[in-house]
Trainee: 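Could you have a look at this structure, given as structure tokens, before my questions?
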Amino acid sequence: MATEHNDIETALNRRYEAGFVTDIETEYLPPGLSEDVIRELSAKKHEPQWMTDWRLKAYRHWLTMPVPEWAKLKIGPIDFQAISYYAAPKARPKSLAEVDPKLLETYDKLGVPLHERAKLAGVAVDAVFDSVSVGTTFRKELAEAGVIFCSLSEAIQEHPELVQKYLSSVVPIGDNYFAALNCAVFSDGSFVFIPKGVRCPMELSTYFRINAVNTGQFERTLIIAEEGSYVSYLEGCTAPQRDENQLHAAVVELVALDDAQIKYSTVQNWYPGDENGVGGIYNFVTKRGDCRGARSKISWTQVETGSAITWKYPSCVLRGDDSTGEFYSVALTHHAQQADTGTKMIHIGRNTKSKIISKGISAGRGQNSYRGLVKVEKSASGARNYTQCDSLLIGKKCGAHTFPYIEVKHPSAIVEHEATTSKISDDQLFYCRSRGLGEEDAVSMIVDGFCKQVFKELPMEFAVEAKKLLEVSLEGAVG
Amino acid sequence: MLKIENLHVSVAGKEILKGLDLAVRPGEVHAIMGPNGAGKSTLGNVLAGRDGYEITAGTVDFGDKDLLQLEPEERAAEGLFLAFQYPVEIPGVNNTYFLKAALNAQRKYRGESELDSMQFLKLVREKLRVLHISDELLHRAVNAGFSGGEKKRNEIFQMALLEPRVAILDETDSGLDIDALKMVAEGVNHMRSPERAFVVITHYQRLLDYIVPDYVHVLAEGRIVESGDKTLAHKLEQHGYAWLDERRVPERATP
Ligand SMILES: Nc1ncnc2c1ncn2[C@@H]1O[C@H](COP(=O)(O)OP(=O)(O)OP(=O)(O)O)[C@@H](O)[C@H]1O
Ligand SMILES: [Mg+2]
């Protein structure tokens, strides 16, 4: 049937919409990693000496570290000498008005318009293309509110005192293998500073795009919310469709002072590789929030649909008394994708609270692991945690695994853990279909229902986006 | 409009339906009775297109379509509705949202314009009024945590909204209190029309006092073994199925 053929074709084309390449003149550092490369990278970015030294220190430490192998992931060997650590469009505009139209077009296509006419209402965007930030919208409006939102490179030049004070204060340079590597070679990322008492007047968002071939993206984000401030930050990511694996090793640090709140949302849609597991992004990310102040709150929400491998544990260090940490996660693995993701909630302050809602979806041969640590230190009297960890299996060849770790050193702590594993049952599917819904619509509806608790934490536009992404990612999962 | 001829169906290698014939014309109400395990739900499931049944012989025509060639969702859009004996729960999926998606999928299949939220809600209100259902159920997830009776009411509500041409009700009366039973019957009676037919599977004559059938059939051992008018149901109620067996013995004896 002609129509059926068309449907399949659109489905195929739709599968990874962000898979295109932008043809733009790019400046690279040649592949390879050494102290010289790091010095060159630092010089290219006109960094102060303290920054160069910081990078070198991290690099030397990294050399002594073994590749971590504890995750339930099968990772091919990564040749760090074959990767280029810097790729950037040649033309370096001074403002958004001068940005290469091709770049603007790229972001248009990805649904993140940057230019004046079409800017997303109520969302300021920092666009990171390969190794550099190509522009940030709504700067003036934000500056008026006292909010600093710029690329981290710029912040190093213009607000060195803030960067020096907070950089690696949450994730120390030797924290883990990929974080150490990131310190050595990170090229750009976003910097956010919300001053005391300010409620950030709009959503802030960074859109990461890998374009260049054979490069890694090592971005770094630092968000500081001073006393009584509030910010909601969104992060999106995509990459072209390629047969080689590309490495993405990011670090995100959040600092919340007294009564401050940070809401951090991610929709991760890096290229996942094809049905047979060829290509795709290796996504190794260290994300940690420090609830440094009393009554502060950090909330992570993530929807992870992309990447060949996802290794990521957005965590909260609940240092301040009465502080709160939250983690809401949907992680989907289809075809040959693998995810080992979860969170750590470290209770240090008194009456600290944490909540973990994790929804893992596995289809095809996808392998999905939840790994979570809830740790209650001796000092954390009255600590409370609630963890709910649900897995949904679609088909028979996929897997779901749960690794909860609980360490409690204060007797007054209340730690609750609930876990379920379910399958999309034939009964559910048939019920939906007997009411007129097509099979794929039925699956995405059931999956959407499964993810409800997490989606409702996302800002509206992102929730819609996330739902669509899940639908596309699950195409061909049944039947 | 629904014509079943010589239908043979096996499940897991065991033959359940053994040459079933049934013709349903527009406007008619057929009641199907029969002992446990006779194959009544199997018939409903096969007609609605559930997987796992092997159809070894027979044909089913639905209007001008070969029903057995259609996917379940196509059968629905063609106007076939099955009210399940055991409706399933779909956690997290809002009941109203589910129904709107289902109705619009059917409309799209039929080349009709899809309803927007306002139009849909108007339709919902209309149906609620007729059925005396509280709209509280609509705000919850599909069947999730519904009581047995609430699930059955929800099936009838779905039927009312989807306006099928043929509705098969599989023991929709089981487990209902007397008020709910009346409500289900009212729902059906309200929908009776010269264009629409019903196949009502039930164990109890009581339902048929409210939904008066044109025909009553007895399904036993994979076949319709007896058909008659509504008085047949009364006889069954009095005598039980053994009475039928006795009557059939002579037939069976002849080779
Ligand atoms: N999936 C299956 N595997 C094996 N046997 C099955 C399966 N489904 C149905 N059967 C068998 O088929 C026969 C008919 O079942 P069916 O559910 O159609 O009966 P019924 O007439 O609806 O009974 P009841 O009045 O109890 O609802 C039963 O013996 C049942 O055990
Ligand atoms: Mg039955």
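We use all heavy atoms of the structure for the numbers below, so side chains are in, but hydrogens, waters and symmetry mates are not.
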Trainee: Check whether B:P164 gets within reach of chain A through its side chain, its backbone, both or neither, counting any heavy atom under 4.5 Å.
Mentor: neither
Trainee: OG of A:S434 to CZ of B:F84: how many Å apart, nearest 0.5 Å?
Mentor: 3.5 Å
Trainee: Do you know which of B:E71, B:E78, B:E89, B:Q158 has the most heavy-atom pairs with chain A at a distance under 4.5 angstrom?
Mentor: B:Q158
Trainee: Taking the side chain as every heavy atom from C-beta outward, state whether A:L437 and B:E73 have any atom pair closer than 4.5 Å.
Mentor: no
Trainee: Heavy-atom cut-off 4.5 Å, strictly under: side chain, backbone, both or neither for A:C451 against chain B?
Mentor: neither
Trainee: Look up atom CZ in B:F98 and atom CG in A:D448, then write down how far apart they are to the nearest 0.5 Å.
Mentor: 13.0 Å
Trainee: Consider side-chain contact (heavy atoms from CB on, under 4.5 Å). Of B:V142, B:N94, B:V93, which one does A:M445 pass it with?
Mentor: B:V93
Trainee: Do the two ring centres, one from B:Y86 and one from A:Y431, sit under 6.0 Å apart?
Mentor: no
Trainee: Roughly how far, to the nearest 0.5 Å, is the CG atom of A:D441 from the CG atom of B:N104?
Mentor: 11.5 Å
Trainee: For chain A, which residues from residues 46-61 of chain B have at least one heavy atom closer than 4.5 Å to it?
Mentor: B:A48, B:G49, B:R50
Trainee: Whether B:E155 and A:R435 form a salt bridge (side-chain N of Lys/Arg under 4.0 Å from carboxylate O of Asp/Glu) is what I want to check.
Mentor: yes
Trainee: Would you mind reporting whether B:V88 and A:F430 have side-chain heavy atoms less than 4.5 Å apart?
Mentor: no
Trainee: So, for B:A105 and A:G436, which heavy atoms are closest and what is the spacing to 0.1 Å?
Mentor: CB-O, 3.3 Å
Trainee: Which bit of B:I90 is near chain A, if near means a heavy-atom gap under 4.5 Å: side chain, backbone, both or neither?
Mentor: both
